[in-house]
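First the proteins, then the strands, lettered A, B, ... as listed; each starts at 1. These figures come from a predicted structure and were not determined experimentally.
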Amino acid sequence: MSRRRLPRSFYARPTLDVARDLVGMVLVHRADGGTAAGRIVEVEAYIGEDDPACHAAPGLTARNAPLYGTPGLAYVYLNYGLHSLMNVVTERKGQPAAVLIRALEPLDGLPIMQRRRTAAGAPPHRVTPDTICQGPGNLTVALAITLAQNRADLQKGTLFLEDRGLSAARVVWTPRIGIRVGTDRHWRAIDAVSRAVSGRARTV
DNA sequence: CGTTCGATGCACT
DNA sequence: GTGCATCGAACGT
């Protein structure tokens with residue numbers, strides 16, 4: 001099977017196109033303890049200062065600076081003081097936008113993912129293939145993605161995305177979840193048949 | 001099934 | 001001081 005690391009040109013496009021095409025791509029992290037990888041089944045787009053849910057809504061700040069930078073870098077931030085959430089930066093320099101990775105189906109390194117999630121306190125029923133990388137805060141634990149990966153270049157290092165020819169047959173758009181503003185934008189893209197998708201609205 | 005709520009760190013006002 | 005792009009346990013139905 002061909003494994004092609006996604007080029008920067010993949011990210012340097014309209015964010016909704018990137019989000020749709022990201023479903024079915026594979027997120028890989030080679031880290032201490034072993035390599036873990038999973039197929040993306042759920043993402044959300046956050047686009048521009050006019051999007052009230054985007055971190056760029058207040059304008060350029062120290063935290064959201066990566067959103068304004070080079071596409072194809074990771075934007076990782078700490079949410080609720082507990083969870084590292086991973087985005088990929090899209091569009092072009094000066095145009096703040098990103099796609100949040102929300103859920104994966106595990107492909108490589110299931111045992112190390114289970115060890116990491118269990119060590120973080122997850123109960124047995126949350127370390128099954130359907131739940132191990134279900135939710136943006138859970139998948140970062142499973143792949144050992146932390147704030148140390150903020151601004152990581154997905155072209156160069158041990159954290160990257162690749163195409164293994166596993167694209168989703170059907171991608172469905174729904175409202176974004178878990179946010180308190182901007183829920184009118186249907187910028188959440190999910191694999192319609194995956195059981196690893198988080199949240200309530202698993203189907204249309 | 002459903003809803004509520006505490007944990008927890010830090011950027012931002 | 002306030003408010004999160006969350007998670008999972010606890011509780012009510």
Side-chain angles (χ1 to χ4, degrees), chain A residues 11 15-16 18-20 22-23 27 38 40-69 71 73-91 95-104 106 113-152 161 172-190 195-203:
Chain A
Y11 305 99
T15 304
L16 295 181
V18 178
R20 182 234 301 130
L22 236 24
V23 177
L27 177 63
I40 296 172
V41 296
E42 177 184 1
V43 299
E44 284 176 358
Y46 291 86
I47 310 172
E49 297 179 347
D50 293 334
D51 174 3
C54 182
H55 281 185
L60 177 64
T61 68
R63 178 175 71 155
N64 68 26
L67 293 176
Y68 291 78
L73 300 212
Y75 170 52
V76 184
Y77 75 97
L78 192 65
N79 191 40
Y80 290 98
L82 296 163
H83 306 290
S84 297
L85 270 47
M86 181 187 165
N87 302 252
V88 297
V89 176
T90 59
E91 303 280 349
Q95 175 69 41
V99 177
L100 170 70
I101 312 297
R102 289 195 55 95
L104 314 171
M113 293 195 219
Q114 290 172 326
R115 283 198 292 278
R116 287 167 177 156
R117 291 274 277 118
T118 299
H125 74 279
R126 293 249 99 209
V127 295
T128 66
D130 284 344
T131 58
I132 187 109
C133 294
Q134 186 174 68
N138 287 331
L139 73 90
T140 55
V141 169
L143 299 215
I145 296 168
T146 70
L147 296 182
Q149 276 70 49
N150 189 30
R151 301 171 182 265
L161 288 109
V172 173
W173 291 96
T174 83
R176 295 176 296 183
I177 63 177
I179 54 175
R180 306 174 65 126
V181 290
T183 51
D184 55 310
R185 290 164 168 84
H186 292 204
W187 288 349
R188 174 172 175 256
I190 64 177
R195 288 173 302 158
V197 171
S198 77
R200 305 285 310 288
R202 203 161 293 188
T203 52

Taking the side chain of A/Pro58 as its heavy atoms from C-beta onward, which of B/dT13, C/dG8, C/dA5 lies nearest to it?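 Of the options given, the side chain of A/Pro58 lies nearest B/dT13.
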Could you please name the option among C/dC4, B/dC10, B/dT8 that lies closest to any side-chain atom of A/Leu82?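 So the nucleotide nearest the side chain must be B/dT8.
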Verify the contact: side-chain N or O of [X] to OP1 or OP2 of [N], cut-off strictly under 4.0 Å; return yes or no.
X	N	value
A/Arg63	B/dC10	no
A/His83	B/dT8	no
A/Arg185	C/dA5	no
A/Arg102	C/dT6	yes
A/Asn138	C/dC7	yes

Counting distance alone, no hydrogens or angles: does the base of B/dA11 have a donor or acceptor under 3.5 Å from a partner atom on the side chain of A/Asn64? no
Test applied, side-chain hydrogen bond (donor to acceptor under 3.5 Å, both in side chains); reference residue, A/Tyr75; option that passes from A/His55, A/Arg151, A/Gln149: A/His55
Checking A/Glu44, A/His186, A/Arg188, A/Glu42 against A/Thr174 for side-chain hydrogen bond (donor to acceptor under 3.5 Å, both in side chains), the one that qualifies is A/Arg188
How long is the line joining [atom1] of [X] and [atom2] of [N], in whole Å?
X	N	atom1	atom2	result
A/Arg117	C/dT6	CZ	P	15 Å
A/Asn150	B/dG9	CG	P	19 Å
A/Tyr80	C/dC7	OH	P	10 Å
A/Ile177	C/dC4	CD1	C1'	16 Å
A/Asn79	B/dT8	CG	C1'	11 Å
A/Leu147	B/dA11	CG	C1'	12 Å
A/Tyr77	B/dT8	OH	C1'	15 Å
A/Gln134	C/dC7	CD	P	9 Å

Determine whether a donor-acceptor pair (N or O, by modelled atom type, separation under 3.5 Å) exists between the side chain of A/Glu91 and the backbone of A/Thr15. yes
For DNA chain C, whose closest nucleotide is more 5', that of A/Ala53 or that of A/His125? A/Ala53
Please tell me whether A/Arg195 and A/Gln134 have a donor and an acceptor in their side chains that are separated by less than 3.5 angstrom.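 On atom types as modelled, these side chains do not qualify, holding no pair under 3.5 Å.
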Check this for me: does any side-chain nitrogen of one of A/Arg185 and A/Asp50 sit under 4.0 Å from a carboxylate oxygen of the other?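 So A/Arg185 does not pair with A/Asp50 through a salt bridge.
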[N] and [M]: how far apart are their [atom1] atoms, nearest whole angstrom?
N	M	atom1	answer
C/dA10	B/dT8	P	15 Å
B/dC5	C/dT13	P	13 Å
C/dG8	B/dC10	C1'	22 Å

Which heavy-atom pair separates A/Arg102 from A/Ile177 by the least distance, and what is that distance? NH2-CD1, 3.4 Å
Only pairs with both distances under 3.5 Å count, Watson-Crick or wobble alike; so what is the partner of C/dG12 in this structure? B/dC1
Name the pairing partner of C/dA5, where a pair is Watson-Crick or G-U wobble with both distances under 3.5 Å, or state none. none
